[in-house]
Engineer: 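Please find one structure pasted underneath; my questions will follow.
Throughout, residue positions are numbered sequentially from 1 according to the sequence presented. Indexing begins at 1, ligand by ligand and atom by atom, following the structure's order.
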Amino acid sequence: MTATLEKATVNGEERSVHGVKDVTKPGDPGTRTAEVRSIMEHGHAPLIWNPDMNKGTAFTAEERKEKGLEGLLPPIVETIELQAERVMLQLRNDCGTDLARYVLLYQLGTHNRALLYYVLINNLEELAPIVYTPIVGEACQKFDRIYRSAMGMFFDAFAQRGHFRKMLDNWPSHNVQIIVVSDGSRILGLGDLGVNGMGIPLGKIQLYVAGGGFHPEHSLPAIIDSGTNTKDNIEDKFYFGNKKPRLSQEESVAAVEEFCMAVHDKWPNCLVQFEDFETSLAFAILEKMRNRLLCFNDDIQGTGAVVTTGFLNGMKAQGTPLGEAKVVFYGAGSSAVGVASMIARLIELDAKISAEDARKAIFMVDSKGLITTSRGDKLPSHKQQMARRDDTPNMKDLREIIEYVKPHALIGLSGAGPMFKQDAIEELCHHVEKPLVFPLSNPTDKAEITAEHAYEWTHGQAIFASGSPFKPYEYEGNMLVPGQANNVLIFPGVGFGAVMSKAKKVTDEMMLAAARALADFVSPEDIKRGKLYPDIKDLRAVSAVVATKVAEEALSQGLGSMEAPSEGLHKFITDRMWDPRKPSLNLSRTVGL
Ligand SMILES: NC(=O)C1=CN([C@@H]2O[C@H](COP(=O)(O)OP(=O)(O)OC[C@H]3O[C@@H](n4cnc5c(N)ncnc54)[C@H](OP(=O)(O)O)[C@@H]3O)[C@@H](O)[C@H]2O)C=CC1
Ligand SMILES: CC(=O)C(=O)O
Ligand SMILES: [Mg+2]
């Protein structure tokens, strides 16, 4: 092991060859990858082994000849459309389980990224539930079992502190614009999964690309290993994170801070999205980092925006003036508090009332019951801001709470499973004709109520939206279609808009602009029918509109440094969304290059 190969000419371009530090003399067998061997022997890599450049059977005859691919592929040249059809055939016919479908897509991503994204973009409704919630939940629970090869980065907060910046140089992209990072401490409603939570950054990055338009080469899924408090992981021979209890909150925050500062140093315009950190860490990290680099927490702010959209359109559907609306939150953690604050802000602005009066619309319930300042326990700061300060009595039973509050919306963000019982739902209907029923916890078995129960117990009157998708349900001859209220409708657009506008930070105003843009995407006729959200299949178009409004807001706040484009922001943004049919490495089309 003598030389370290750092640069190679690939496709006429000088590129770094990272992660291969033990390259020996030409001709030596051993640890070298086929790509590196070929670079050394032929001056270029067989492109079929590079996931970012591979086109598989779509390489033309000329390309095969020129790039040394003759004999490495079946003879017929295929279109990406036909390749995608084959993938869909395999997914639909040859995979016995959804987890097997997840693995197939995961593997496709390790050898032909363009094809993976072509397939995802064109079948988003069918495949989002595989790469994202609910199946990503099962994939995370079994991540160390289904693991194939690395598709992101692992940062060891026990052994690698102080080296994160240098480690980023190992990532084979010279311009990362979007990172999703977690420490696996609260994966969906599944608890502390440690580094097995990597499935979440992977899935969200796939949606940033497929749904938001980022180039895959500009993305990085990352996990920080701060240990795990899950005994099953510590005792499992396949678990491949540190088998140690979690670091203290202070040490965990410091590790995330080092990571963020390393990213900011290497890629100053990159957006870091924090994901699925447990409650107190989530708030502490956001507080510490939000004014120091371009970042946001998707559970707090992304969920805040997407549920604000549903609330805004839901109140229109009901005909409830915003100033009169009341909402009960079941769950008072990072996502519920993020949503409650944004809804309160919306009411304050649109109903033109004080912030204090707007907060009176909110009633939050945690595992101990309704949150009031008179309850007798010491409330953590995220609960204090939304606690009832008036003479609201202390109650625990959800039906009683609903009877007292008479809410227009019931929003579940508890991760606790089917906790909305028939008596509570029937009580809801005594006070409002078409109540909003939002069981938003993920994955599906953590939802607070099923679509079937919500429709049955409200006699088909519920305006229903869930975090994970539910199938349409027939009630008395009418087919009722559940909405999906998931931050996937927000984060790709927020991210793309923030990066395109070269924003310095993500503000609450930018998130509210995103929520309003998403709300406006739904026609008044659809809203009247109780459809509050666009369909996932339209995610690219949705994201373009959300990104435009976010960029506009960043510019109007003086936080974006892009030149206002002559063709208008929407066209500028849409034109820059990556298209997997375009040749790989066509990086000049994206911003900052
Ligand atoms: N649809 C979407 O887009 C999103 C959905 N989510 C989902 O929301 C859920 C919660 O996430 P997050 O807010 O980050 O989690 P947290 O752990 O921060 O918060 C959970 C909250 O639920 C409360 N809770 C738990 N069990 C019960 C119970 N039996 N009765 C009443 N309250 C209960 C907890 O109470 P206490 O404080 O007393 O412990 C806590 O306040 C997850 O399932 C997640 O998947 C999250 C983000 C986006
Ligand atoms: C959707 C999401 O971010 C969550 O369930 O945590
Ligand atoms: Mg999340």
Engineer: Can you list the ligand 1 atoms lying under 4.0 Å from a non-hydrogen atom of K383?
Structural biologist: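 Heavy-atom distances to K383 below 4.0 Å select 36 (P), 37 (O), 38 (O).
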Engineer: Please confirm whether the backbone N or O of P418 pairs with a side-chain atom of K421, one donor and one acceptor, at under 3.5 Å?
Structural biologist: yes
Engineer: Which residue pairs pass the salt bridge (Lys or Arg N to Asp or Glu O under 4.0 Å) test when at least one of the two sits in residues 378-388, sequence neighbours left out?
Structural biologist: D366-K383, R388-D390
Engineer: Among the protein atoms near the Mg ion (ligand 3), how many are N, O or S and lie under 2.8 Å away?
Structural biologist: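 Excluding waters, the total comes to 3.
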Engineer: Between the side chains of K231 and D192, is the shortest nitrogen-to-carboxylate-oxygen separation below 4.0 Å, so that they form an ion pair?
Structural biologist: no
Engineer: What do you reckon, does T303 have a nitrogen or oxygen under 3.5 Å from a nitrogen or oxygen of ligand 1?
Structural biologist: no
Engineer: Which option wins on minimum heavy-atom distance to atom 21 (C) of ligand 1: G302, G412, A332, A485?
Structural biologist: A332
Engineer: Looking only at distance, does G331 have an N or O less than 3.5 Å from an N or O of ligand 1?
Structural biologist: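 No, since none of the N or O atoms of G331 sits under 3.5 Å from an N or O of ligand 1.
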Engineer: Is any N or O atom of N487, backbone or side chain, closer than 3.5 Å to an N or O atom of ligand 1?
Structural biologist: yes
Engineer: Is the closest basic N to carboxylate O distance between R375 and D377 below 4.0 Å?
Structural biologist: yes
Engineer: Got more than 12 heavy atoms from elsewhere within 6.0 Å of NZ, K406?
Structural biologist: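 Atom NZ in K406 is crowded, with more than 12 foreign heavy atoms closer than 6.0 Å.
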Engineer: Hey, is the main chain of G191 close enough, under 3.5 Å, to the side chain of R186 for a donor-acceptor pair?
Structural biologist: no
Engineer: Please produce the table of protein N or O atoms sitting under 3.5 Å from N or O atoms belonging to ligand 2, one pair a line, distance to 0.1 Å.
Structural biologist:
residue: ligand 2; atom: 3 (O); partner: K204; partner atom: NZ; Å: 2.9
residue: ligand 2; atom: 3 (O); partner: E275; partner atom: OE2; Å: 3.0
residue: ligand 2; atom: 3 (O); partner: D299; partner atom: OD1; Å: 3.1
residue: ligand 2; atom: 3 (O); partner: N487; partner atom: ND2; Å: 3.1
residue: ligand 2; atom: 5 (O); partner: N442; partner atom: ND2; Å: 2.8
residue: ligand 2; atom: 6 (O); partner: R186; partner atom: NH1; Å: 3.1
residue: ligand 2; atom: 6 (O); partner: D276; partner atom: OD1; Å: 3.0
residue: ligand 2; atom: 6 (O); partner: D299; partner atom: OD1; Å: 3.0

Engineer: If the condition is salt bridge (charged side-chain N to carboxylate O under 4.0 Å, His left out), which residues does K446 pass it with, not counting sequence neighbours?
Structural biologist: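 Testing K446 for salt bridge (charged side-chain N to carboxylate O under 4.0 Å, His left out), a comparison that skips the adjacent residues, returns none.
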Engineer: Measure the distances from the heavy atoms of M419 to every atom of ligand 1 and state whether one is below 4.0 angstrom.
Structural biologist: yes
Engineer: If I compare all heavy atoms of E448 with all of L440, which pair ends up nearest, and what's the gap?
Structural biologist: OE1-N, 3.4 Å
Engineer: How close do M151 and L202 get, heavy atom to heavy atom, and via which atoms?
Structural biologist: CB-CD2, 3.5 Å
Engineer: Would you say T279 has any N or O atom under 3.5 Å from an N or O of ligand 1, going by distance alone?
Structural biologist: yes
Engineer: Just wondering, more than 12 heavy atoms not from E287 lying within 6.0 Å of its CD?
Structural biologist: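 No - once you tally the heavy atoms of other residues, nucleotides and ligands closer than 6.0 Å, there are 12 at most.
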Engineer: Short list, please: which atoms of ligand 1 are under 4.0 Å from a heavy atom of G467?
Structural biologist: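 Reading through ligand 1 atom by atom, the close ones are 1 (N).
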Engineer: For atom 13 (O) of ligand 1, tell me which residue out of S280, G369, P443, S335 has the closest non-hydrogen atom.
Structural biologist: S335
Engineer: Does the distance from a Lys or Arg side-chain N to an Asp or Glu carboxylate O, for R359 and E356, drop under 4.0 Å?
Structural biologist: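 Between E356 and R359 there is no salt bridge, as every charged N stays at least 4.0 Å from the carboxylate O atoms.
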Engineer: Decide whether the shortest distance between a heavy atom of D299 and an atom of ligand 1 is less than 4.0 Å.
Structural biologist: yes
Engineer: Taking only Lys NZ, Arg NE, NH1 and NH2, and the carboxylate oxygens of Asp or Glu, determine whether D350 and R516 approach each other closer than 4.0 Å.
Structural biologist: yes
Engineer: Identify whether the distance between the nearest side-chain nitrogen and carboxylate oxygen of D508 and R290 falls below 4.0 Å.
Structural biologist: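 A salt bridge is present here (some side-chain N lies under 4.0 Å from a carboxylate O).
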Engineer: Among all protein heavy atoms, pick the one closest to atom 8 (O) of ligand 1 and tell me residue, atom and distance.
Structural biologist: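 Looking at atom 8 (O) of ligand 1, the protein heavy atom closest to it is L413 CD2, 3.5 Å.
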Engineer: Run the salt-bridge test on D183 and R246 with the 4.0 Å N-O cut-off and return the result as yes or no.
Structural biologist: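 Yes, charged N to carboxylate O under 4.0 Å.
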Engineer: Under 4.0 Å, counting heavy atoms only: does E278 come that close to any atom of ligand 1?
Structural biologist: no
Engineer: Do E138 and Y102 have side-chain N/O donor and acceptor atoms under 3.5 Å apart?
Structural biologist: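 Checked: E138/Y102 side chains show no N/O donor-acceptor pair below 3.5 Å.
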